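Worksheet for the structure shown next.
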Amino acid sequence: MPKRPQKERRALECFYRVKSCVDGEVRSMVRVRYAPSPTGSPHVGNIRTALFNWVFARHHQGKFIVRIEDTDRSRYVPTSEQEILTSLCWLGLDWDEGPEVGGPYAPYHQSQRLEIYQRIAHQLVEEGKAYKCFCTPEELEQMRAQQRAQGASVTMYDRRCRRLTPAEVRAREEAGLPYVIRFAMPLEGTVEYEDLIHGHTVFRNALTDDFVMLKSDGYPTYHLANVVDDHLMEITHVIRGDEWISSMPRHLNLYRALGWEPPQFAHLPLLLGPDRQKLSKRHGAVQFTEFIREGYLPDAMFNFLALCGWNPGDNREILNREEIIELFSLERVSDNPFIFDHNKLLWMNGYYIRQLSKEQLVAWCLPFLQEAGLLPKELDEDTRAYAERVIPLEQEKMKVLKDVVTLTDFFFKEDLAVDQNAVKKWYSMPHIPQMLEELIRRYEALEPFTAPEIERVTREVIAWLGVPSGHVIHPVRVAVSGRTTGPSLFEMLEVLGKPRVLKRLRQAQQWTV
RNA sequence: GGGGCCAUGGUCUAGGGGACUAGGACGCCUGGUUUUCAGCCAGGAGGACGGGGGUUCGAAUCCCCCUGGCCCUACCA
């Protein structure tokens with residue numbers, strides 16, 4: 001666990017709240033943001049970050065802000081912003097300021113704030129804290145190649161343009177050469193901060209090169225835009241993934257150069273795959289929308305994601321939203337990487353599915369059956385009523401809602417997929433023809449066709465045949481479902497209904513010849 | 001290569017010098033319930049806390065070194 005003394009961490013976390021009390025201000029001072037980049041379908045890890053920010057905000061009665069960091073035109077994917085927002089909505093993470101809802105710090109798309117970044121970048125150039133760099137990508141590549149050839153272990157921008165004289169700069173500008181603006185990193189000294197999760201961290205400035213703040217197309221890089229917006233939007237706590245820790249010297253020096261007070265920082269442990277590599281497509285589903293499509297429940301995802309790096313301190317694992325919001329604190333966020341366990345998610349989702357009422361379960365499952373073509377898009381009353389009786393039969397077996405399809409398809413399909421091994425096993429016994437004949441005769445006459453009645457009659461047949469009950473029950477199950485596993489037999493027969501049961505038993509009579 | 005982060009059963013995690021014979025969960029195994037599977041209930045296996053040095057009467061817990069893993073090292077975020 002974190003090395004920082006607990007009390008100290010708590011004090012840091014509450015810094016802004018304390019301040020707001022002291023100032024006697026009414027408004028809540030905690031402001032956090034989720035700043036996704038619309039470069040594709042959102043990653044679970046990314047949504048986990050959103051969730052931690054949201055929970056933190058709600059815990060402190062603060063504001064949760066969504067800011068779209070669309071500053072990379074080459075990787076921009078138009079549909080992804082909608083996917084991101086939809087994912088947040090699906091999980092129940094509502095935002096107080098951001099796209100669609102606006103807010104006092106609008107706009108919330110960085111692509112609409114270019115003038116701000118440009119103004120600040122140029123201001124830093126004028127103050128000598130940044131400079132124009134006219135190096136072309138080819139030149140930079142050549143420089144790196146050269147450094148490597150000379151055996152240099154670190155390839156770092158050699159700051160050649162930082163040494164340009166004003167006259168040289170002017171000449172290049174007049175020649176119309178494109179340029180980027182680089183931050184002039186201090187050549188010595190250190191920068192340090194208190195990470196709310198990792199504790200005290202120090203970096204040497206000399207090890208960080210003069211990073212690009214403003215690209216030649218006029219767009220800012222993450223480093224600039226993020227610092228500028230966090231300050232302008234009065235973000236109090238930056239909660240993001242561990243991969244950003246190494247950028248801290250850049251960000252901190254930028255704050256310093258701009259004369260701004262940096263917010264608090266909390267870096268969340270990375271989500272890893274089972275092979276301890278950064279979680280990626282190779283590990284199965286990682287796009288959040290895949291989880292939605294597979295049939296995970298929002299509450300289960302919420303619970304599971306909250307546990308990806310955080311725990312309440314007691315042994316509880318099943319926690320609802322209110323409990324999570326109530327108990328959440330950064331001090332209980334682990335600082336070691338979290339291996340994403342699909343298996344455990346599956347278990348948890350199954351647990352949540354089992355807690356659903358029959359009505360809720362049906363409502364969640366119907367779309368999956370329709371999607372699979374087992375049910376029509378428009379349900380008539382009878383079909384709906386039938387589905388409402390079928391679905392709950394397999395509730396306890398589902399791990400994801402999509403399971404309902406393979407679990408119940410034989411209720412809806414006319415052509416059964418029959419397990420031939422099962423037929424071989426159960427239909428070679430001598431009593432089978434007689435058994436089928438007798439069952440058909442008795443079921444036909446049975447009224448009402450209900451589970452208790454079916455069971456009574458079936459047990460009579462079993463006694464009459466003088467065979468173990470399994471020798472009747474299993475063959476019947478195979479006959480009506482085509483498989484060896486399924487819901488409790490008599491209930492299953494009742495739900496299937498007399499016509500379907502008789503039809504399938506008659507079909508099974510042919511297996512014996 | 002450099003910098004940073006991390007290190008408790010297969011996985012997640014509790015642990016903040018003595019309450020640890022290291023607790024819980026997933027997974028795994030066994031038994032029970034039952035017409036099957038699942039579920040549920042009850043048990044069980046599995047860890048000398050990455051290694052080595054310290055500090056201390058006492059260390060999973062504090063310090064140092066090593067090792068390993070990961071992240072960053074872009075006109076990507």
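Reminder, nothing fancy here: chain letters follow the sequence lines and each chain counts from 1. None of these values were measured; they are calculated from a predicted model.
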Think A/R316 has a side-chain N or O under 4.0 angstrom from the OP1 or OP2 of B/rG23? no
By the salt bridge (charged side-chain N to carboxylate O under 4.0 Å, His left out) test, which pairs, at least two apart or in different chains, include something from residues 207-228 of chain A? A/R73-A/D217, A/R159-A/D210, A/R162-A/D210, A/D209-A/R250
Whole-Å C1' distance, B/rA14 and B/rU8: 10 Å
Any side-chain donor-acceptor pair under 3.5 Å between A/D242 and A/H198? yes
Scan every strand shown for a Watson-Crick or G-U wobble partner of B/rG1, both distances under 3.5 Å, and answer none if you come up empty. B/rU73
Has A/N46 got a side-chain atom pairing as donor or acceptor with A/P42's backbone, closer than 3.5 angstrom? no
Counting any heavy atom closer than 4.0 Å, what does A/S37 reach on the DNA or RNA strands: base, sugar-phosphate only, or nothing? sugar-phosphate
Provide, to the nearest angstrom, the distance between the NZ atom belonging to A/K397 and the C1' atom belonging to B/rU35. 12 Å
In plain terms, say whether A/D403 and A/K399 are close enough for a salt bridge, that is, a side-chain N and a carboxylate O under 4.0 Å apart. no
Donor-acceptor pair under 3.5 Å, A/S334 side chain vs B/rU13 base: no
Starting at atom CG of A/N343, determine the distance to atom P of B/rA25, rounded to an integer number of angstrom. 16 Å
By the 4.0 Å heavy-atom rule, please label A/G486 as base, sugar-phosphate, or nothing. base
Hey, does A/P475 reach any base, or is it just sugar-phosphate, or nothing, if we go heavy atoms under 4.0 Å? nothing
Look at the side-chain N and O atoms of A/K132 and state whether any lies under 4.0 Å from the OP1 or OP2 oxygen of B/rC75. no
Contact class for A/P337 (heavy atom, under 4.0 Å): base, sugar-phosphate, or nothing? sugar-phosphate
Under the 6.0 Å and 45° cation-pi test, does A/K402 pair with A/F368? no
Hey, do the aromatic rings of A/Y131 and A/Y179 have their centres closer than 6.0 Å? no
Quickly work out the A/D209 CG to B/rG4 P distance and round it to whole Å. 16 Å
Who is the Watson-Crick or G-U wobble partner of B/rG27, with both distances under 3.5 Å? none
Candidate nucleotides B/rU35, B/rC5, B/rU11, ranked by approach to the side chain of A/F490 - the nearest: B/rU35
Quick note, A/L207 side chain, CB onward, closest among B/rG2, B/rC75, B/rC76 is B/rG2
Taking atom P in both B/rG16 and B/rG54, compute the distance separating them and give it to the nearest angstrom. 25 Å
Hey, does A/V212 reach any base, or is it just sugar-phosphate, or nothing, if we go heavy atoms under 4.0 Å? sugar-phosphate
Identify whether any heavy atom of A/S469 sits under 4.0 Å from a base atom; if not, whether one sits that close to sugar-phosphate; answer base, sugar-phosphate or nothing. nothing
Respond yes when some side-chain nitrogen or oxygen of A/R483 is under 4.0 Å from OP1 or OP2 of B/rC37, and no when none is. no
On a whole-Å scale, what distance lies between the P atoms belonging to B/rC40 and B/rA60? 36 Å
Taking the nucleotide of RNA chain B with the closest heavy atom to each, which residue, A/N315 or A/A35, is nearer the 5' end? A/N315
Measuring to OP1 and OP2 of B/rC37, would you say a side-chain N or O of A/K399 lies under 4.0 angstrom away? no
Does the structure show a Watson-Crick or G-U wobble partner for B/rG39, both distances under 3.5 Å? Name it, or say none. B/rU33
Have a look at A/S488 and say if it touches a base, only the backbone sugar-phosphate, or nothing, with a 4.0 Å heavy-atom cut-off. base
Roughly how far apart, to the nearest Å, are B/rC75 and B/rC12 at atom C1'? 40 Å
Write down the distance separating the C1' atoms in B/rG50 and B/rU67, rounded off to the nearest Å. 8 Å
Pairwise P distance, B/rC49 and B/rG23 [rounded to whole Å]: 14 Å
Atom CZ of A/F338 and atom C1' of B/rA25: how far apart are they, to the nearest Å? 11 Å
Check every atom of B/rG3, B/rC70, B/rA77 against the side chain of A/F203 and return the nucleotide holding the closest atom. B/rG3
Please give me every residue in residues 43-51 of chain A whose heavy atoms get under 4.0 Å of an atom in RNA chain B, ordered by residue number. none
One thing to verify: whether A/R113 and A/E115 come together as a salt bridge, which I'm taking to mean a side-chain N less than 4.0 angstrom from a carboxylate O. no
Check whether any side-chain N or O of A/K215 sits under 4.0 Å from OP1 or OP2 of B/rC76, and answer yes or no. yes
Are the ring centres of A/F328 and A/W310 closer than 6.0 Å? yes
Mind checking if A/L489 touches a base, just sugar-phosphate, or nothing, with heavy atoms under 4.0 Å? base
Rounded off to whole Å, could you give me the CD1-to-C1' distance for the A/I245 and B/rC6 pair? 9 Å
With both distances kept under 3.5 Å, what pairs with B/rU21, Watson-Crick or G-U wobble? none
Among B/rA77, B/rA74, B/rU13, which nucleotide sits nearest the side chain of A/R144? B/rA74
Are A/D72 and A/R75 within salt-bridge range, i.e. N to O under 4.0 Å? yes
Counting only side-chain heavy atoms from C-beta out, which of B/rA25, B/rU35, B/rC71 sits nearest to A/S246? B/rC71
Mind telling me whether A/Y193 and A/F265 have parallel, tilted or perpendicular rings, with 30° and 60° as the class edges? perpendicular
Hey, do the aromatic rings of A/H342 and A/F304 have their centres closer than 6.0 Å? no
Please state the P separation for the pair B/rC6 and B/rU61 - nearest whole angstrom. 16 Å
Heavy atoms from C-beta onward define the side chain here; which of B/rC76, B/rA25, B/rU35 lies closest to that of A/T221? B/rC76
Value in whole Å for how far the C1' atom of B/rU34 lies from NE2 of A/H474: 11 Å
Please give the distance between the P atoms of B/rA25 and B/rG39 as a whole number of Å. 16 Å
With no angle test and no hydrogens, is the base of B/rC75 tied to the side chain of A/S216 by a donor-acceptor pair under 3.5 Å? yes
Nucleotide B/rG4, atom C1' - distance to CZ of A/F265 in whole Å: 16 Å
Residue A/H223, side-chain atoms from C-beta onward, closest of B/rA77, B/rG39, B/rG24: B/rA77
A/N336 has its side chain closest, among B/rA77, B/rC75, B/rC6, to B/rC6
Categorize A/E317 for me: base, sugar-phosphate, or nothing, with a 4.0 angstrom heavy-atom threshold over every strand shown. base
Please state whether the phosphate of B/rA77, meaning OP1 or OP2, lies under 4.0 angstrom from any side-chain nitrogen or oxygen of A/T71. yes
How would you label the contact of A/C135 with the nucleic acid (heavy atoms, under 4.0 Å): base, sugar-phosphate, or nothing? base
Does the ring center of A/Y108 lie less than 6.0 Å from the ring center of A/W95? no
Would you kindly give the CZ-to-C1' distance between A/R240 and B/rA77, to the nearest whole Å? 11 Å
Which base sits across from B/rG16 as a Watson-Crick or G-U pair, both distances under 3.5 Å? none
I want to confirm an ordering. Mapping A/R204 and A/P487 to their closest nucleotides on RNA chain B, which one lands closer to the 5' end? A/R204
